[in-house]
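One structure is given below, encoded as structure tokens.
Just so you know, these numbers come straight off a predicted model, no measurement behind them.
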Amino acid sequence: MSKILITSALPYINGVKHLGNLAGSMLPADIYARAMRLMGHEVLYICATDEHGTPAELAAQAEGMEVAAYCEAMHEAQKQAGAQFKLSYDYFGRSSAKSNHALTQAFAQQLEARGLIEERVSRQVYSNADGRFLPDRYVEGTCPSCGYEGARGDQCDGCGKLLDPVDLIDPYSAVSGSKDVEIRETNHLYLRQSALSDDLRKWVNAAKGWPPLATSIALKWLDEGLRDRAITRDLKWGIPVTNEDGSVRKGFEGKVFYVWFDAPIEYIAATQDWAAETGGDWAPWWRTDKGADEVQYVQFMGKDNVAFHALSFPTTIIGSGEPWKLVDQLKAFNWVTWYGGKFSTSQKRGVFMDQALDIAPSDYWRWHLTANAPEGSDAAFTWEEFQSSVNSDLANVLGNFVNRITKYCAGKFDGKLPAGGTPGEAEAWIEAELATRIPQLIKCYEAREFRKAMTETRAIWAAGNEYLTQAAPWTHYKTDVDQAAIGVRYGLNLVALFGIIAQPVIPDAAAKILDAIGVPEDKRSWNFGETTDVKALLSALPEGQAIAAPDVLFSKIEDTDIEAWTERFGGAEG
RNA sequence: GGUGGGGUAGCUCAGCUGGUUAGAGCGCAGGACUCAUAAUCCUGAGGUCGUGAGUUCAAGUCUCACUCUCACUACCA
């Protein structure tokens, strides 16, 4: 047994997340957390809402709400959406929490004491009408290069050229449209990432088990030369820049830390809040002088977050000179695309977490998004594929298997697990099959290869159907009831096993299955691994045990559903 | 522009450090079975592995060029 700390990239506060966000960080992290718990590891799964930054302020403004109230409401909404998707966070915190304020300020002070923070002056677009500085993307104007009129301050959509907002012709605020903008000088704190470049490279090179996606992105940034990064912003909502005595730093009134500086620190702060709430101890998870060396720390994120987790946050950690835990495994995902294109709220393309649950149970989404996880490359979501994996994998392969054998048991064996019979060829076959497949499944989970884990899970379910065909209890029943009994007994034990291995992905259906055939809670963990005792697994249920035939576990998605959803959410044509 | 990922059966994707007739699921065709959500099981068809060149006894797998596509490019997060 080991201690595993799991974090998934913090979902940003400005709205309920779409399926791509779910599939690329929270969901795989949850499935990994569940699988590791079932294997007997001590798991701590931490997540939180990322609440600072310009978009949060603007979203609140658009809703006519105070930022704090808006974030409070959105935090609750996301927390609820997570709960409905059965994300098994041990703690779901907020980056705006008091604990994070204190920790972020402490980190900054420590970094400055070690000479890794400098104050510099930069030039930034200020909008008088909006009364705020504008991030590059919120300034628009005419592209100095191609004359395109809707060019954003960071990049022109017309010619694709990278821009500096200062160079835009006729700049205006994308927030209000006002042309009353000017360039102002403003002072900020810079984190001297460049100073730690060599340490970071050494650390990245030594990292084992990261997907190529993660290492290649990290090395690319290092190769280009790490630039020092501003870690403060001219905003009101956020973590104030303070001195050690808690007073606001001179010249930093009206400034706060940059969201990307404080967000990863929230992983730690949220753990502190978890400890405070549960009476747990946070330090053994995060302080290497308190035992965190024993912890396996795994981060889940989309590829856009890699640089922050592989470089910026480690700069904070290493730069502090204190014994904080660094990430061990960085699992990065590509994007889920919508029929190959982008998710877009405005164009009615894509499904958001809350809407998703209106149209199908969370298990359906969990299964499909994991079986088609964007691990190797971007993965296209289509309604047709969704229908196919739900109907075929869940309804036909698993659901129908559970149904056929439990109903047969109810009809011919009085709903009780039958005794009698001697194992033969079919039993030897399924035993051999499981003896290779179950260790394989475990290996996939341990390697965090989710698509493969799902393929293996499905293959195990499918083997159950093949076993029943071979054992054919309905044929034997006519001449030899004992021979039929063993088929039913093995079949029902397979149901139990299938439910057990299904738990990380489709927890609701798994619970229904295990309840129906009476597997007690304490018999649902994975006490199998490299040395799987298959015979014991297939005779785990006590003879005579009452078996209930569950209702239809997975109802199928009809073509008419697909048509209706395409109409509502957009499809191939966008 | 720079960098990274991807381009493998109709569709979605596996193919590790190069090595027997290139795999899976779905879809399709045929057959079997009848316990089951018209489910399941078996068999089969289907790919000159983006293009061109190169290295090698041997390349989907390595090198180079080209091409298409997606993403990132540090003040959106």
Checklist outcome for this item: Each nucleotide of nucleotides 25-34 of chain B classed B (base within 4.0 Å of a protein heavy atom), S (only sugar-phosphate) or -, in 5' to 3' order, makes SS------SS
Can we say [X] and [Y] salt-bridge, meaning some charged N sits less than 4.0 Å from an Asp/Glu carboxylate O?
X: A:Glu375; Y: A:Lys331; result: yes
X: A:Glu57; Y: A:Arg132; result: yes
X: A:Arg184; Y: A:Glu182; result: yes

Selected nucleotide, minimal atom distance to [X] side chain, candidates [options]:
X: A:Lys556; options: B:C76, B:U37, B:A74; result: B:U37
X: A:Asn465; options: B:U40, B:C75, B:U73; result: B:U40
X: A:Asp378; options: B:U37, B:A77, B:C70; result: B:C70
X: A:Phe308; options: B:A77, B:C75, B:C41; result: B:A77
X: A:Val259; options: B:G2, B:A71, B:A77; result: B:A77
X: A:Arg451; options: B:U12, B:U40, B:C72; result: B:U12
X: A:Lys220; options: B:A74, B:C72, B:C13; result: B:C72
X: A:Pro135; options: B:C76, B:A36, B:U12; result: B:C76

Taking the same atom, [atom1], in [N] and in [M], what whole-Å distance lies between them?
N: B:G5; M: B:C76; atom1: P; result: 24 Å
N: B:A53; M: B:C16; atom1: C1'; result: 27 Å
N: B:U21; M: B:C49; atom1: P; result: 15 Å
N: B:A14; M: B:G50; atom1: P; result: 14 Å
N: B:C26; M: B:U61; atom1: C1'; result: 26 Å
N: B:G7; M: B:U51; atom1: C1'; result: 11 Å
N: B:G27; M: B:C13; atom1: C1'; result: 14 Å
N: B:U56; M: B:G19; atom1: C1'; result: 12 Å

Next on the checklist: Please classify the nucleic acid contact of A:Ala395 as base, sugar-phosphate, or nothing, using heavy-atom distances under 4.0 Å.
Outcome noted: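 Base, at least one base heavy atom under 4.0 Å.
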Next on the checklist: Base, sugar-phosphate or nothing for A:Leu10? Non-hydrogen atoms, less than 4.0 Å.
Outcome noted: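 The residue A:Leu10 makes no contact with any strand.
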Next on the checklist: Less than 4.0 angstrom between a side-chain N/O of A:Arg233 and OP1 or OP2 of B:C75, yes or no?
Outcome noted: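 Checking A:Arg233 against B:C75: at least one side-chain N or O falls below 4.0 Å of OP1 or OP2.
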Checklist entry - Taking only residues two or more places apart in sequence or in another chain, which ones pass side chain to side chain donor-acceptor pair (under 3.5 Å) with A:Arg489? => result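 None.
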Item to check | Atom-pair distance (CG on A:Leu163; P on B:C75), nearest Å | outcome: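 Atom CG in A:Leu163 sits about 15 Å away from atom P in B:C75.
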Checklist entry - Can A:Glu51 and A:Tyr12 be counted as having a side-chain donor-acceptor contact under 3.5 angstrom? => result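 Per modelled atom types, A:Glu51 and A:Tyr12 side chains form no pair under 3.5 Å.
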Checklist entry - Is it true that the side chains of A:Asp378 and A:Thr337 contain a donor and an acceptor less than 3.5 Å apart? => result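 There is no such pair between these side chains.
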Item to check | Secondary-structure stems, RNA chain B, at least 3 Watson-Crick or G-U base pairs under 3.5 Å | outcome: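 In RNA chain B, stems of three or more pairs: B:1-7 with B:67-73, B:10-13 with B:23-26, B:28-32 with B:40-44, B:50-54 with B:62-66.
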Item to check | Contacts of type salt bridge (Lys or Arg N to Asp or Glu O under 4.0 Å), residue A:Glu118, not counting sequence neighbours | outcome: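 Partners of A:Glu118 by the salt bridge (Lys or Arg N to Asp or Glu O under 4.0 Å) criterion, ordered by chain and then number, come out as A:Arg120, A:Arg192.
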Checklist entry - Which residues satisfy the salt bridge (Lys or Arg N to Asp or Glu O under 4.0 Å) test with A:Asp234, sequence neighbours excluded? => result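 A:Lys255.
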Item to check | Residue whose closest nucleotide on RNA chain B lies nearer the 5' end, A:Ile217 versus A:Glu375 | outcome: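 The residue closer to the strand's 5' end, by nearest nucleotide, is A:Ile217.
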Item to check | Any pair counted as side chain to side chain donor-acceptor pair (under 3.5 Å), so long as it reaches residues 211-223 of chain A, sequence neighbours left out | outcome: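 Residue pairs with at least one partner in residues 211-223 of chain A: A:Arg201-A:Asp223.
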Checklist entry - Step by step, would you call A:Leu394 with A:Tyr364 a side-chain contact (heavy atoms from CB on, under 4.5 Å)? => result CA-CA 8 Å; A:Leu394 296 182; A:Tyr364 289 22; 4.2 Å; yes
